[in-house]
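See below for the structure under consideration.
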Protein chains: 2
Amino acid sequence: MAISEKTERALLDLGLTSYEIKTYSALVQYGPMTAINISKQSNVPYSKVYDVLSSLERKGWIETDHNRPSKFYPKPPSTSLETMRMKIDADRKKNETQVISELFPLFEKRGSKERPDIWIVRGQFNILTKLKEMLESCTTELMVATPLVLDAIIDLAAPLMMTLKSKGVRIRVMCTENAGENHLKSISKWGEIRVRSQMFAGGAISDSREVLILLGADEPSSAVAIWADHPSLANFATNYFQYLWNDSKPYSRSSA
Amino acid sequence: MAISEKTERALLDLGLTSYEIKTYSALVQYGPMTAINISKQSNVPYSKVYDVLSSLERKGWIETDHNRPSKFYPKPPSTSLETMRMKIDADRKKNETQVISELFPLFEKRGSKERPDIWIVRGQFNILTKLKEMLESCTTELMVATPLVLDAIIDLAAPLMMTLKSKGVRIRVMCTENAGENHLKSISKWGEIRVRSQMFAGGAISDSREVLILLGADEPSSAVAIWADHPSLANFATNYFQYLWNDSKPYSRSSA
DNA sequence: CATAATTACCACTGTTGGTGGTGCGGATTA
DNA sequence: TAATCCGCACCACCAACAGTGGTAATTATG
């Protein structure tokens, strides 16, 4: 057998067909070959090999001299992936500007005032987006409680947090004791940290006004959160956070 | 009618179905609505509306209160696009690391020495990738001749060029007189420029050793280039470039 | 409380585009 | 002429989607 099922899945997701995967992985494993040998090694019908090869060349995964018989050379996976990313990003950017230029004016005209002030937000990515919205409008104070520290959140938040800090926003983060040392360190660059042994739900409070409460789920895709702009809910959450905060141990860096 | 064909195409490319497009654009145009009204405005069969709406919510294009009747709210297009980008990038990163971790060792083991030293490179993106490879291995001297200045190239090249310059590489760029002032200015940040009235083909020469010759085409996707590591071809190209260079006018910034 | 109206949702069918799979035939070279 | 190279044409299959039917749940109304 050729490559692991996981890698095959990954390549499929990246937009290769199963023939293309067989062909490329054969080239990578056994080195440059002619079409015939590729067909033998990869079990791709010979009459399809040229379709597949030209498609792979177009997509940037292989190169070919144009001799007779042609030999085909795999590019390094890193190069292929980068070419692919360039192509996709370029296409997407074009689409995005097109969409924004036409739809955003319509959206703005309506105004978005009719939005209610409490929402159920479903799905990890929607939650992250909401969180980002919150961070962008935060001006004086941010409180975060998180039972588990998600890489995704750190990645997303870090740059925004830095700018927040430079604007003088007080940032407090509370996590559980099992959080990784690395995460804590990177957080401590922009916020105060306290740790506690147990925590039941996560959340964020911005300016004691906006609240996001995370209701964890087994799968990230089915995660649910409540976002609210209600003063009362915000007050309640703020109070509760204060209580927990006072009941938690300050975290001090090993280097401090 | 609702939105332009171009935007519809763009949204399709971004992964929405035609029902989803109708639904979302109706929401953007007429503001938040209930399912029934959405069905009427968008001409999506009522019995399908909930499927479509929940799919749109999952993808991050709309939000909903969960009342009876539910009202549905479009998110700003910019937000939707960003959520989408986050999701795609995350998936892709996972796939990429998986692929690299498994395939790159195989690739390295074979070594890529068997590669011939002259190549036909097809397609704009493959050419750009090749160019990047050249830039990365360039150590002392770079010559570029370009009849038309492509934004894509500038974008790609600028950061690399800066590092090249800081490593002491001499960079010379030759273009035609009709090149835009902006482009020339940004190029002049990292290289010497000369302009001439006419030029028939573009190309790049790195360290008088590696050559890339551009054979223009009508469509960018069918562009073709020749890349070579042949000393003789490189010498010929270098000579020719020198001749053209001496025959061209230096470009001086208006601000200089 | 019973009934009608509305809302929310489910199940099925036909179509379509893309891919896997197979055969053939023209072109090129020895 | 024979063998190999290259590519086209075709069919079967599958997943995703447009489109159509209907049913359960909830709410309004007499």
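Everything numeric here is computed off the predicted structure, so don't read it as measured data. Just so we're on the same page: letters track the sequence lines, and every chain starts at 1.
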- request: Please work out if A:Pro45 contacts a base, only the sugar-phosphate, or nothing of the nucleic acid, heavy-atom cut-off 4.0 Å.
  value: base
Side chain of A:Ser18 - closest among C:dG20, C:dA8, D:dG19: C:dG20
- request: State plainly whether the residues B:Arg9 and B:Asp13 are in salt-bridge range, i.e. N to O under 4.0 Å.
  value: yes
- request: By nearest nucleotide on DNA chain C, pick out whichever of B:Thr34 and A:Tyr19 is the more 5' one.
  value: B:Thr34
task: Measure from CD1 on B:Ile36 to P on D:dT27 and round the result to the nearest Å.
output: 16 Å
field: Distance, rounded to the nearest Å, where B:Ile21 contributes CD1 and D:dA18 contributes C1'
entry: 13 Å
- prompt: How large an angle, rounded to 10°, do the end axes of the helix from C:dC1-D:dG30 to C:dA30-D:dT1 enclose when each is built from five base pairs?
  reply: 10°
query: Is any side-chain nitrogen or oxygen of B:Ser47 closer than 4.0 Å to OP1 or OP2 of D:dT20?
result: no
query: Starting at CG of A:Leu56 and ending at P of C:dT19, how long is that distance when rounded to a whole Å?
result: 12 Å
message: Without decimals, in angstroms, what is the distance between A:Met33 CE and D:dT4 P?
response: 18 Å
message: Output the rounded distance in Å from CG (B:Leu12) to P (C:dG18).
response: 12 Å
field: Whole angstrom value for the distance that separates P of C:dG21 from CD of A:Glu20
entry: 14 Å
message: From NZ of B:Lys71 over to C1' of C:dT7, roughly how many Å is that when rounded to an integer?
response: 16 Å
- request: Please tell me which of B:Ala35 and B:Lys48 maps to the more 5' nucleotide of DNA chain C, matching each residue to the nucleotide holding its nearest heavy atom.
  value: B:Ala35
query: B:Tyr50 side chain N/O closer than 4.0 Å to the phosphate oxygens (OP1, OP2) of C:dC9?
result: no
task: Determine, for B:Asp89 against A:Arg92, whether the closest basic-nitrogen to carboxylate-oxygen distance falls under 4.0 angstrom.
output: yes
- request: For the side chain of A:Tyr46, starting at C-beta, report the closest nucleotide among D:dC5, C:dT22, D:dC17.
  value: D:dC5
field: Pair B:Met134-B:Trp227, side chain to side chain contact (heavy atoms under 4.5 Å, CB included): steps then yes or no
entry: CA-CA 10 Å; B:Met134 278 179 69; B:Trp227 170 88; 3.8 Å; yes
query: Parallel, tilted or perpendicular: which describes the rings of A:Phe104 and A:Phe107, with under 30° parallel and over 60° perpendicular?
result: parallel
message: Check this for me: does any side-chain nitrogen of one of B:Lys6 and A:Glu102 sit under 4.0 Å from a carboxylate oxygen of the other?
response: no
message: Please pick, from D:dC6, C:dA8, C:dG20, the nucleotide with the shortest atom-to-atom distance to any side-chain atom of A:Ser70.
response: D:dC6
field: Residues A:Asp51, A:Lys48; criterion side chain to side chain contact (heavy atoms under 4.5 Å, CB included); working and verdict
entry: CA-CA 5 Å; A:Asp51 288 342; A:Lys48 271 271 146 140; 4.0 Å; yes
task: Determine, step by step, whether B:Phe72 and B:Thr34 satisfy the side chain to side chain contact (heavy atoms under 4.5 Å, CB included) criterion, reporting the C-alpha distance in whole Å, the side-chain angles of both residues, the deciding distance to 0.1 Å, and the verdict.
output: CA-CA 6 Å; B:Phe72 297 86; B:Thr34 61; 5.9 Å; no
- request: Grab the CG-P distance between B:Asp51 and D:dG21 for me, whole Å please.
  value: 16 Å
